[in-house]
Amino acid sequence: MKKFSVANARNREAIGQDIVLQGWVRTRRDSKAGFSFLELNDGSCFGNIQVVVPGSLPNYESEIKKLSAGASVSIEGHVKESPGQGQATEVEATRVVVFGTADPETYPLQKKRHSYEFLRTIAHLRPRTNTFGAVTRVRNCVCRSIHRFFQEEGFLYVHTPVITASDCEGAGEMFQVTTLDLADPPKQAGAVDYTQDFFERPSFLTVSGQLEAEIFACALGKVYTFGPTFRAENSNTSRHLAEFWMIEPEMAFFELTDNMDLAERFLKTVLRDVLTQCAEDMAFFQERIDKQILTTLQSVVEGDFVRLSYTEAVDMLTNSGETFEYPITWGSDLQSEHERFLTEKKIKRPVILYDYPRTIKPFYMRVNDDGKTVRAMDVLVPNVGEIIGGSQREERLDVLEARMQEQGLRAQDYWWYLELRRYGTVPHSGFGLGLERLVQFVTGMTNIRDVIPFPRTPGSADF
RNA sequence: UCCCCUGUAGCUCAGUCGGUAGAGCAAGCGGCUGUUAACCGCUGGGUCGUAGGUUCGAGUCCUACCGGGGGAGCCA
């Protein structure tokens, strides 16, 4: 007999076949007519398959009648059209093998709604819930779509290092990596002697692969990274993780408008793929998580992103008539409330803001001819806020050196980065996208800790 | 890190003005049923986050700590 996934067995085309199904019991309902219904799920799709188990099976009284949520089984049976409502097919079991029971007295998952807070405390079991199954499948779909998009656009997937010895990435607090004995580190003149550490210098977990990605873009054209990223910021919000996955494309011969075009095309492709490939999971998010999610995603796919310069955005906010907690002044960074107003209330679509004041952006962003702004861009989406941050990179050696000096950075720490400008420099651009924020946006899940299998946040690294 | 809220049964929560603890779901038992968040009845289930304090008396008021949530900052 052939093994079928639940997804395949639920398909009408399976009717008439003798199959094997293996998975976990979601519920059991008994009929006093002498048989039982089992709802079985194996992760292959959102829905369960209904298995009808006749009372004539030899282990019916001894095992089947004791099955409860969470038990694991292997079922041999015949697929037929279901006479009941709610499913196209069902399986009439001829044999049921119980792999493992799940004592209902102690099994934490019940046939009811649990809070996400509680489910986080049982991260080893929460993938068995409807919501986390759906999140996991959508997250997988997003990742597949990301790779497909870049591969079809001619990008090379490059692996930038997770461990970095340069303390100069400047994108936030870093986790230090060391093999020194922290209780008694070797010392030299009162300070820790890092020449005795594993890499013979202080080293850290990466906060961005961008600078290394630029190296490959400046040799091979279009590249992207997709890997884990670490921030030791003590930020406790529904949009931040200490360990998250980031996608960073980097393109030679791309100016900022090319960068914006790519970002827009990229997001639309991913959303379109999720809508078509995860329809059943998305219907669940629409029903139980966010009643607007399908129309929101659909409108993003169909319409153009609105592009506004920072200066235009400041004017729009100033003239909006809206009262904000924080004042709007040209030259200071926009607050969350400002960004949310633009993308959720005023424009009600994704917004790309660009040409930010140079004083609030990092050294590597290209300075505009006005001398006051840089070629930065942020993509803002409803509900999540900033989902993409990127820029055209400064390719002029002298300007870059001046910018580093302006921001108090030592040129020798960046010697290799500067050499990219010294030898065959090219205009280039790129952006960074947080995978979990994208999954949040797509699913409507409000807490980022519920779109990653094992969230790491300040004070929390269980499982 | 700051501000606000919160912690009561396995889970989700109620608990009034300070007077010895409640519901729904889950579980166990029984009934009913081609059922589908099944339904009906009965039963068991509690160191009220922790430690102090006020009081004749604290789930309730006060303080500290711990956990969780929301918002802010930082960012992706």
Side-chain angles (χ1 to χ4, degrees), chain A residues 26-40 47-54 66 68-70 80 82-87 90 92 102-122 125 129-130 169-173 207-210 228-248 263 287-288 325-326 332-337 339-340 360-362 378-381 384-390 431-441 446-452 457-460 462:
Chain A
R26 283 293 175 81
T27 73
R28 192 197 78 230
R29 295 181 294 272
D30 298 328
S31 169
K32 270 299 187 299
F35 56 95
S36 295
F37 298 98
L38 293 181
E39 293 263 353
L40 203 69
N48 307 321
I49 185 136
Q50 174 162 289
V51 179
V52 180
V53 186
K66 291 176 183 159
S68 57
K80 52 179 212 175
S82 178
Q85 298 292 305
Q87 62 272 323
E90 64 183 29
E92 180 132 353
D103 182 0
E105 290 278 7
T106 56
Y107 187 61
L109 288 177
Q110 297 169 8
K111 204 168 46 179
K112 58 164 279 190
R113 212 190 146 85
H114 292 281
S115 68
Y116 295 121
E117 294 82 3
F118 170 68
L119 292 174
R120 273 172 226 148
T121 68
I122 50 167
L125 296 173
T129 63
N130 285 335
E169 302 192 29
E173 291 295 311
V207 293
S208 166
Q210 179 198 316
T229 310
F230 307 88
R231 302 272 167 94
E233 304 282 354
N234 188 15
S235 52
N236 220 312
T237 82
S238 56
R239 305 181 307 283
H240 289 85
L241 292 166
E243 176 182 297
F244 62 100
W245 287 69
M246 190 154 65
I247 299 99
E248 293 178 290
E287 172 68 27
R288 301 296 284 271
E325 187 183 344
Y326 293 90
S332 60
D333 220 347
L334 297 180
Q335 304 291 315
S336 290
E337 58 171 344
E339 296 182 343
R340 263 186 282 114
I360 57 172
K361 289 292 182 184
D378 284 352
V379 181
L380 312 178
V381 296
V384 175
E386 184 184 341
I387 199 168
I388 282 178
F431 60 82
L433 167 99
L435 173 66
E436 286 75 17
R437 290 208 181 155
L438 179 54
V439 177
Q440 268 190 287
F441 177 57
T446 53
N447 197 310
I448 200 167
R449 294 164 205 188
D450 301 325
V451 298
I452 187 168
T457 53
S460 175
D462 293 329

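Letters go in sequence order (proteins before strands), and every chain restarts at 1.
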- Using both distances under 3.5 Å as the test, list the Watson-Crick or G-U wobble partner of B/A37, or none. none
- Task: Kindly say if A/S336 contacts the phosphate of B/G73, meaning a side-chain N or O under 4.0 Å from OP1 or OP2.
- Result: yes
- Query: Considering every strand shown, what is the Watson-Crick or G-U wobble mate of B/A51 when both distances are under 3.5 Å?
  - Reply: B/U63
- Query: How many Å lie between CZ on A/R120 and C1' on B/G69, as a whole number?
  - Reply: 8 Å
- Round to the nearest Å and state the distance from A/I448 atom CD1 to B/C75 atom C1'. 10 Å
- Task: Using a 4.0 Å heavy-atom cut-off across all strands, classify A/R449 as base, sugar-phosphate, or nothing.
- Result: sugar-phosphate
- Query: Separation of A/N236 atom CG from B/C75 atom P, in whole Å?
  - Reply: 17 Å
- Item | Side-chain N,O (A/R29) to OP1/OP2 (B/U36) below 4.0 Å | no
- P-based separation of B/A14 from B/G57 [nearest Å]: 29 Å
- What's the NE2-P distance between A/H240 and B/A72, to the nearest Å? 11 Å
- Task: Check every strand shown and say whether A/E339 touches a base, only sugar-phosphate, or nothing at a heavy-atom separation below 4.0 Å.
- Result: nothing
- Is there a donor N/O on one and an acceptor N/O on the other, under 3.5 Å, for the side chain of A/E325 and the base of B/G71? no
- Could you tell me whether the side chain of A/S68 and the main chain of A/A102 form a donor-acceptor pair under 3.5 Å? yes
- Mark yes when over 12 heavy atoms from residues, nucleotides or ligands other than A/R29 sit less than 6.0 Å from its CZ; otherwise mark no. yes
- Describe the nucleic acid contact of A/P83 in one word from base, sugar-phosphate, nothing, applying a heavy-atom distance below 4.0 Å. base
- Message: Any base atoms under 4.0 Å from A/Y107, or only sugar-phosphate, or nothing? Heavy atoms, all strands.
- Response: nothing
- What distance, rounded to whole Å, do you find between the two C1' atoms, one in B/G49 and one in B/G69? 15 Å
- Message: For a quick check of understanding: with a heavy-atom distance under 4.0 Å over all strands, which category does A/K80 fall into, base, sugar-phosphate or nothing?
- Response: base
- Message: Below the 4.0 Å mark, does B/G71 have OP1 or OP2 next to a side-chain nitrogen or oxygen of A/S238?
- Response: yes
- Message: I want to verify a distance call: between B/G34, B/A72, B/A76, whose nearest atom is closest to the A/Q335 side chain?
- Response: B/A72
- Message: Looking at B/G73, I'd like to know if its phosphate oxygens (OP1 or OP2) sit under 4.0 Å from a side-chain N or O belonging to A/N234.
- Response: no
- Between B/U35, B/A72, B/C75, which nucleotide has the shortest distance from any of its atoms to the side chain of A/R231? B/C75
- Message: Under 4.0 Å from OP1 or OP2 of B/C74: is there any side-chain N or O of A/R239 that close?
- Response: no
- Could you tell me which nucleotide pairs with B/G19 by Watson-Crick or G-U wobble geometry, both distances under 3.5 Å, or answer none if nothing does? B/C56
- Check whether any side-chain N or O of A/R340 sits under 4.0 Å from OP1 or OP2 of B/A72, and answer yes or no. yes
- Item | OG1-CD1 distance between A/T229 and A/I247, expressed to the nearest 0.5 angstrom | 8.5 Å
- Message: With side-chain contact (heavy atoms from CB on, under 4.5 Å) as the criterion, how do A/I387 and A/L380 come out once you've worked through the C-alpha distance, each side chain's angles and the decisive distance to 0.1 Å?
- Response: CA-CA 6 Å; A/I387 199 168; A/L380 312 178; over 6 Å; no
- Query: Using centres under 5.5 Å plus planes under 30 degrees as the test, is A/F244 stacked with B/A76?
  - Reply: yes
- Query: Distance between the P atoms of B/C42 and B/U35, in whole angstroms?
  - Reply: 25 Å
- If the P atom of B/G28 is compared with that of B/G10, how far apart are they to the nearest Å? 16 Å
- Does B/C75 pair with anything, Watson-Crick or G-U wobble, both distances under 3.5 Å, and if so, with which nucleotide? none
- Ranking B/C75, B/C11, B/U35 by distance to the side chain of A/E386, first place goes to B/C75
- Task: Using the C1' atom as the reference point in each nucleotide, state the distance between B/G24 and B/C40 in Å, no decimals.
- Result: 15 Å
- Item | Length of the line joining A/D450:CG and B/G69:P, which is rounded to integer Å | 9 Å
- Item | Spacing between A/L241 atom CG and B/C74 atom P, to the nearest angstrom | 18 Å
- Under 3.5 Å donor-acceptor, A/E337 side chain and A/E325 backbone: yes
- Note on the structure: When rounded to whole Å, the CG to P distance for the pair A/D30 and B/U35 reads 14 Å
- Message: What I want to check is whether an N or O donor and acceptor connect the side chain of A/H114 with the base of B/C11 at under 3.5 Å.
- Response: no
- Query: Which is true for A/E117 with a 4.0 Å heavy-atom rule: it touches a base, it touches only sugar-phosphate, or it touches nothing?
  - Reply: sugar-phosphate
- Query: Any side-chain heavy atom of A/E39 within less than 4.5 Å of one from A/Q50?
  - Reply: yes
- Which whole number of Å gives the distance between the C1' atom of B/C39 and that of B/G71? 43 Å
- Item | Spacing of A/Y326 atom OH relative to B/A72 atom P, expressed in whole Å | 9 Å
- Message: Taking 4.0 Å as the cut-off, does a side-chain nitrogen or oxygen of A/S235 come that near to OP1 or OP2 on B/G73?
- Response: no
- Message: Closer than 3.5 angstrom, by distance alone: can the side chain of A/E90 be matched with the main-chain N or O of A/K80 as a donor-acceptor pair?
- Response: no
- Message: Using atom C1' in both nucleotides, what's the gap between B/C13 and B/G53 to the nearest angstrom?
- Response: 29 Å
- Message: Using a heavy-atom cut-off of 4.0 Å across all strands, would you classify A/I387 as base, sugar-phosphate, or nothing?
- Response: sugar-phosphate
- Is a side-chain donor or acceptor of A/R239 paired with a backbone partner of A/R437 at a separation under 3.5 angstrom? no
- Query: Looking at A/Q87, does any N or O in its side chain come under 4.0 Å of the phosphate oxygens OP1/OP2 on B/U36?
  - Reply: no
- Query: Contact class for A/N48 vs. all strands (heavy atom < 4.0 Å): base, sugar-phosphate, or nothing?
  - Reply: nothing
- Message: Heavy-atom nearest nucleotide on RNA chain B for A/T446 versus A/E436: which residue maps closer to 5'?
- Response: A/T446
- Item | Identity of whatever pairs with B/G28 - Watson-Crick or G-U, under 3.5 angstrom | B/C42
- Task: Name the nucleic acid region contacted by A/L109, choosing base, sugar-phosphate or nothing; use a 4.0 angstrom heavy-atom cut-off, strictly under.
- Result: nothing
- Taking A/R340 for the side chain and A/G385 for the main chain, is one N or O donor matched with an acceptor at less than 3.5 Å? no
- Query: Of the nucleotides B/U35, B/G28, B/G70, which has the atom closest to the A/P104 side chain?
  - Reply: B/G28
- Query: For atom C1', what is the distance between B/A9 and B/A26, given to the nearest Å?
  - Reply: 11 Å
